[in-house]
K.L.:
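A single structure is presented below for examination.
Computed over heavy atoms, backbone and side chain alike; hydrogens, waters and symmetry mates excluded.
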2 protein chains.
Amino acid sequence: MRRDIFQAIADPTRRAILVLLAVQAMTPNAIAEHFDIRRQSISKHLRILSECDLLAPRQEGREIFYELKIDKMKEIDIWLDQFRKIMEESFKQLDEVLFTIKNKKK
Amino acid sequence: MRRDIFQAIADPTRRAILVLLAVQAMTPNAIAEHFDIRRQSISKHLRILSECDLLAPRQEGREIFYELKIDKMKEIDIWLDQFRKIMEESFKQLDEVLFTIKNKKK
DNA sequence: TATACGTGCAACCGATCGGCTGCGCAAATT
DNA sequence: AATTTGCGCAGCCGATCGGTTGCACGTATA
């Protein structure tokens with residue numbers, strides 16, 4: 001059970017579910033109507049997404065509405081930040097190099 | 001062979017490789033030194049990352065330096081944009097609701 | 001109360017994953 | 001010319017994935 005957010009969004013069906021639920025909370029049956037997959041398989045996906053805190057279930061009678069926990073998406077953004085920072089750093093170094101070359105020309 | 005970028009970054013080792021290569025291009029042997037994994041397994045990861053255009057090999061004699069293609073990372077960002085937009089839209093609708101309530105109070 | 005509905009869980013199964021070893025090949029070194 | 005080095009590829013294997021079916025259980029409806 002790896003169950004981290006990156007493994008969660010690796011599956012195309014799960015990504016599609018996230019997009020669906022971004023618009024509005026839905027029940028497993030309602031979600032399943034959008035795919036060529038049995039409801040039970042959708043349930044499996046919902047479990048995985050819930051386990052890594054991307055979704056939260058809200059019971060209403062015998063129905064369960066799953067809603068997106070958008071905040072969790074930030075984790076992906078945070079990971080991407082590493083690269084933004086590293087690249088920024090690279091540009092700074094490039095600037096220094098260019099600056100040095102510029103000075104040497106004098 | 002799914003070989004899309006989300007499946008590529010699902011594996012923790014591959015994510016670590018990407019971070020390593022963000023700092024500087026490296027050879028498979030050099031990368032392997034950072035993990036408890038045989039070089040051949042690293043090569044497999046490099047192949048997957050290259051196939052979905054996250055890395056590019058640069059041959060130098062008998063050595064091959066793999067370098068990060070940072071631009072490809074934007075694809076993840078683009079996917080995240082969907083949610084940013086949907087949430088933004090939600091807030092607008094919330095604003096409208098609040099505005100309506102406000103007006104009704106008059 | 002009996003029946004239908006909405007759901008989650010368990011067990012199964014073929015495909016894929018992510019390690020491994022054992023090559024072969026080209027470049028560098030001796 | 002022989003050896004070492006750096007690498008990718010092929011094949012193996014146990015674990016996991018993502019689908020399936022067949023339940024069991026609580027909630028609504030007749």
Side-chain angles (χ1 to χ4, degrees), chain A residues 1-21 23-69 76 79, chain B residues 1-21 23-69 76 79:
Chain A
M1 257 179 258
R2 288 227 297 280
R3 216 95 325 168
D4 70 84
I5 194 173
F6 294 97
Q7 188 265 342
I9 63 166
D11 183 76
T13 303
R14 282 197 289 271
R15 286 201 301 278
I17 290 176
L18 289 176
V19 173
L20 269 180
L21 298 184
V23 179
Q24 58 175 347
M26 293 173 82
T27 66
N29 265 322
I31 297 168
E33 283 173 13
H34 291 78
F35 301 91
D36 278 342
I37 288 176
R38 303 263 168 241
R39 178 194 49 81
Q40 290 93 325
S41 302
I42 297 291
S43 268
K44 265 196 181 182
H45 286 308
L46 294 175
R47 194 161 90 88
I48 291 169
L49 291 170
S50 299
E51 275 178 6
C52 58
D53 229 34
L54 279 165
L55 300 183
R58 173 169 44 86
Q59 187 111 22
E60 270 186 34
R62 66 184 170 188
E63 291 180 315
I64 300 177
F65 288 83
Y66 285 86
E67 49 192 23
L68 181 66
K69 292 179 75 175
I76 305 167
W79 184 73
Chain B
M1 256 179 261
R2 291 227 297 281
R3 216 97 323 172
D4 68 84
I5 194 175
F6 293 98
Q7 188 266 342
I9 64 166
D11 183 76
T13 304
R14 282 198 288 271
R15 286 202 300 279
I17 291 175
L18 289 176
V19 173
L20 269 180
L21 298 185
V23 179
Q24 59 175 345
M26 294 174 80
T27 66
N29 266 319
I31 296 169
E33 282 173 13
H34 291 77
F35 302 91
D36 277 342
I37 288 176
R38 302 261 170 245
R39 176 193 50 81
Q40 290 92 327
S41 301
I42 297 290
S43 267
K44 263 196 183 181
H45 287 308
L46 295 175
R47 195 162 88 87
I48 291 169
L49 291 170
S50 300
E51 277 179 4
C52 57
D53 231 34
L54 280 166
L55 301 182
R58 176 170 41 89
Q59 188 110 22
E60 269 186 35
R62 67 184 169 187
E63 290 180 315
I64 301 178
F65 288 84
Y66 285 87
E67 51 192 24
L68 180 66
K69 293 179 75 175
I76 305 169
W79 184 74

K.L.:
Would you say a side-chain N or O of B:Y66 is under 4.0 Å from OP1 or OP2 of D:dC7?
P.N.:
no
K.L.:
May I have the distance from B:E51 (atom CD) to D:dC9 (atom P), rounded to whole angstrom?
P.N.:
9 Å
K.L.:
Mind calculating the distance between CD1 (A:I64) and P (C:dC5) to the nearest angstrom?
P.N.:
18 Å
K.L.:
Just the table, please: protein N/O against nucleotides 20-23 of chain C N/O, every pair under 3.5 Å.
P.N.:
{"residue": "C:dC20", "atom": "OP2", "partner": "B:R38", "partner atom": "N", "Å": "2.8"}
{"residue": "C:dC20", "atom": "OP2", "partner": "B:S41", "partner atom": "OG", "Å": "3.1"}
{"residue": "C:dT21", "atom": "OP2", "partner": "B:R38", "partner atom": "NE", "Å": "2.7"}
{"residue": "C:dG22", "atom": "O6", "partner": "B:Q40", "partner atom": "NE2", "Å": "3.1"}

K.L.:
Expressed in angstrom and rounded to an integer, what is the separation of A:L46 atom CG from C:dT7 atom P?
P.N.:
10 Å
K.L.:
Round to the nearest Å and state the distance from B:I42 atom CD1 to D:dC9 atom C1'.
P.N.:
16 Å
K.L.:
Side-chain N or O of A:T13 versus OP1/OP2 of D:dC17: is the shortest distance under 4.0 Å?
P.N.:
no
K.L.:
Could you measure the distance from the OG1 atom of B:T13 to the NE2 atom of B:H45? Nearest 0.5 Å is fine.
P.N.:
4.5 Å
K.L.:
Roughly how far apart are A:F6 CZ and B:D11 CG, rounded to 0.5 Å?
P.N.:
12.0 Å
K.L.:
Can you sort out the partners of A:R62 under side chain to side chain donor-acceptor pair (under 3.5 Å), two or more places apart, ordered by chain and number?
P.N.:
none
K.L.:
Does A:I9 reach the side chain of A:R14, with side-chain heavy atoms less than 4.5 Å apart?
P.N.:
no
K.L.:
Rounding to a whole Å, what distance do you find between A:R47:CZ and C:dC9:P?
P.N.:
6 Å
K.L.:
So does A:H45 get a side-chain nitrogen or oxygen closer than 4.0 Å to the phosphate oxygens (OP1/OP2) of D:dG19?
P.N.:
yes
K.L.:
What is the separation between atom CG on B:D11 and atom C1' on C:dG19, rounded to the nearest whole Å?
P.N.:
10 Å
K.L.:
What's the CD1-C1' distance between B:I48 and D:dG8, to the nearest Å?
P.N.:
14 Å
K.L.:
Quick one: side-chain contact (heavy atoms from CB on, under 4.5 Å) partners of B:E63, sequence neighbours excluded?
P.N.:
B:T27, B:F65
K.L.:
Would one find a side-chain N or O of A:R62 under 4.0 angstrom from OP1 or OP2 of D:dT29?
P.N.:
no
K.L.:
Rounding to 10°, can you tell me the angle the first-five-pair axis of the helix from C:dT1-D:dA30 to C:dT30-D:dA1 makes with its last-five-pair axis?
P.N.:
10°
K.L.:
What residues from residues 25-35 of chain A pass a heavy-atom cutoff of under 4.0 Å to DNA chain D?
P.N.:
none
K.L.:
List for me each residue that meets side chain to side chain donor-acceptor pair (under 3.5 Å) alongside B:N29, sequence neighbours excluded, and say none if there are none.
P.N.:
none
